[in-house]
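Only a predicted model underlies this, so the values are computations on that prediction, with no experimental measurement involved. Residue numbers run from 1 in the order of the sequence given.
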Amino acid sequence: MTAIAHHSSHRQAFLGGLLLAIVGAIFFSAKAIVAKLMYRYQVDAVMVITLRMIFAFPMFFAVAIWKARSEPPLARSDYLRITVLGLMGYYLSSFLDFLGLQYISAGLERLILFLTPSFVMLIAFAFFKRRVGWIEWAALVVSYFGTVLVLLHDLNAGGSNVILGSVLVLGSAFTYSIYLISSGELVRRVGAIRLVAYAMCVSTVACVIQFFILRTPSELFVQAAGVYQLSLFNSVFCTVLPVFLTMVAVARIGAPTAAQAGLVGPVSTLFMGAALLDEPITGIQLTGTALVLSGIWLLSRKKI
């Protein structure tokens with residue numbers, strides 16, 4: 001009975017972690033939908049990312065203070081690296097993403113972002129001489145073919161500046177892949193939650209500075225109520241909550257399984273886009289989404 005009870009408890013913990021990873025992926029993917037809804041109020045990417053980070057800042061700052069007080073101090077070099085990673089992974093990557101969303105559908109944006117693992121693989125292959133097996137090359141081809149399929153569909157549908165939007169989101173995926181590669185050793189030494197909290201604080205400062213350079217401070221206070229409501233939702237449910245849900249999920253079920261659970265992201269974005277933004281779901285989009293998910297699934301099966 002003891003062994004059965006232990007197995008049952010372990011199984012419940014695994015399923016709980018899996019559920020956290022799935023919910024985190026859905027909420028994180030929803031930021032594209034929220035951004036699209038905000039653009040209906042005639043705001044731009046600068047306003048969207050600034051309000052998102054300002055609302056999220058108190059929560060990340062509280063975690064940063066807690067970690068600073070409860071864990072050993074970091075070396076100056078670590079603070080410098082965290083600053084660079086925060087600028088690269090959360091400021092620049094997010095800004096390019098929201099810029100691109102002004103021109104392309106939420107479904108296409110999510111598919112392009114899911115090419116990030118393939119960028120990680122290509123960078124490791126090109127600069128770190130990491131050996132790439134045939135399964136990984138096959139995964140790459142399948143994923144890119146699926147994305148091109150959806151991209152061509154959006155171009156034929158007459159979307160304005162689809163190529164520009166796609167290039168911007170591609171830049172977002174690329175910069176975030178650099179962040180992932182660069183943060184590997186730092187995560188092990190500093191801890192994932194502490195790194196994210198510090199990097200998010202750096203990103204917020206960069207967003208606010210950018211806003212003051214490009215806009216007047218008064219613009220932060222004269223937006224429609226819907227803009228602030230959507231920004232608060234974006235900050236809490238599409239930024240802070242998924243970050244920590246994913247962290248807990250990784251601790252419970254491991255990074256590879258959590259990454260596989262994240263494959264629900266593009267699918268959820270496709271259907272949320274249809275329900276909330278009236279973005280059509282076509283057979284080509286479903287086929288392209290399936291190909292991208294298949295490619296990422298193949299990558300996730302490869303032991304690193």
Side-chain angles (χ1 to χ4, degrees), residues 6 9-10 12-31 49-95 116 120 175-210 231-259 261-262 304:
H6 175 74
S9 174
H10 181 74
Q12 287 179 348
F14 177 82
L15 292 176
L18 192 61
L19 179 62
L20 290 176
I22 290 171
V23 172
I26 291 173
F27 274 125
F28 189 70
S29 298
K31 71 181 175 68
I49 192 173
T50 302
L51 287 175
R52 175 201 189 203
M53 297 310 297
I54 286 175
F55 280 123
F57 178 75
M59 291 167 273
F60 285 115
F61 186 68
V63 174
I65 293 296
W66 165 52
K67 286 293 183 181
R69 290 180 174 177
S70 61
E71 296 185 6
L74 299 179
R76 183 177 297 179
S77 59
D78 286 336
Y79 282 116
L80 181 61
R81 290 183 65 187
I82 289 171
T83 299
V84 173
L85 288 176
L87 292 173
M88 177 70 73
Y90 292 113
Y91 161 67
L92 182 58
S93 178
S94 293
F95 185 53
T116 299
V120 171
T175 52
Y176 193 69
S177 67
I178 294 175
Y179 164 80
L180 289 176
I181 287 179
S182 305
S183 65
E185 180 239 337
L186 198 59
V187 167
R188 286 188 290 273
R189 193 168 67 254
V190 174
I193 292 178
R194 191 180 190 183
L195 175 60
V196 168
Y198 285 12
M200 279 292 192
C201 290
V202 170
S203 177
T204 302
V205 172
C207 287
V208 171
I209 291 173
Q210 172 186 262
S231 293
L232 185 60
F233 185 91
N234 195 10
S235 301
V236 176
F237 293 100
C238 305
T239 306
V240 178
L241 187 63
V243 163
F244 291 115
L245 282 177
T246 303
M247 292 297 177
V248 174
V250 168
R252 288 191 180 185
I253 62 178
T257 307
I304 297 176

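- Under the 3.5 Å distance criterion, the side-chain polar atoms of S183 are matched with a main-chain donor or acceptor of L180.
- Taken to the nearest 0.5 Å, the CG atom of L241 stands 9.5 Å off from the CZ atom of F233.
- Atom CZ of residue R252 and atom CG of residue L15 lie 11.0 Å apart, to the nearest 0.5 angstrom.
- Put simply, the side chain of F60 does not reach to within 4.5 Å of the side chain of T204, judged on heavy atoms.
- Minimum heavy-atom separation, G86 to S203: O-CB, 3.9 Å.
- Relative ring orientation between Y176 and Y90 is described as perpendicular, the plane-to-plane angle rising above 60° on a 0-90° scale split at 30° and 60°.
- Considering SG of C207 and CG of L92, their distance stands at 10.5 Å, rounded to 0.5 Å.
- Annotation for F237: atom CZ does not count as buried by contact number, only 12 or fewer foreign heavy atoms lying within 6.0 Å.
- With T83 contributing its side chain and Y79 its backbone, the two residues share a donor-acceptor pair below 3.5 Å.
- The two atoms that bring N234 and K31 nearest to each other are OD1-CB, 3.5 Å, heavy atoms only.
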Could you go through residues 51-59 and list every donor-acceptor pair under 3.5 Å that involves a side-chain atom there, pairing it with any protein atom two or more places apart or in another chain?
| from | atom 1 | to | atom 2 | distance (Å) |
| --- | --- | --- | --- | --- |
| R52 | NE | T239 | OG1 | 2.8 |
| R52 | NH1 | S94 | OG | 3.2 |
| R52 | NH2 | T239 | OG1 | 3.3 |

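- Between S182 and L85, some side-chain heavy-atom pair lies under the 4.5 Å cut-off.
- Between P242 and G24, the closest heavy-atom pair is CB-O, 3.3 Å.
- Annotation: the span from W66 atom CH2 to R194 atom CZ amounts to 11.0 Å, rounded to 0.5 Å.
- When all heavy atoms of A249 and G17 are compared, the closest pair comes out as CB-O, 3.4 Å.
- Once rounded to the nearest 0.5 Å, the distance linking CD of Q210 with OH of Y91 reads 3.5 Å.
- Distance OG/S77 to CD1/I82: 9.5 Å, rounded to 0.5 Å.
- Taking the side chain as every heavy atom from C-beta outward, V196 and M200 approach each other to under 4.5 Å.
- In this structure, the side chains of T246 and F28 stay at 4.5 Å or more apart for every pair of heavy atoms.
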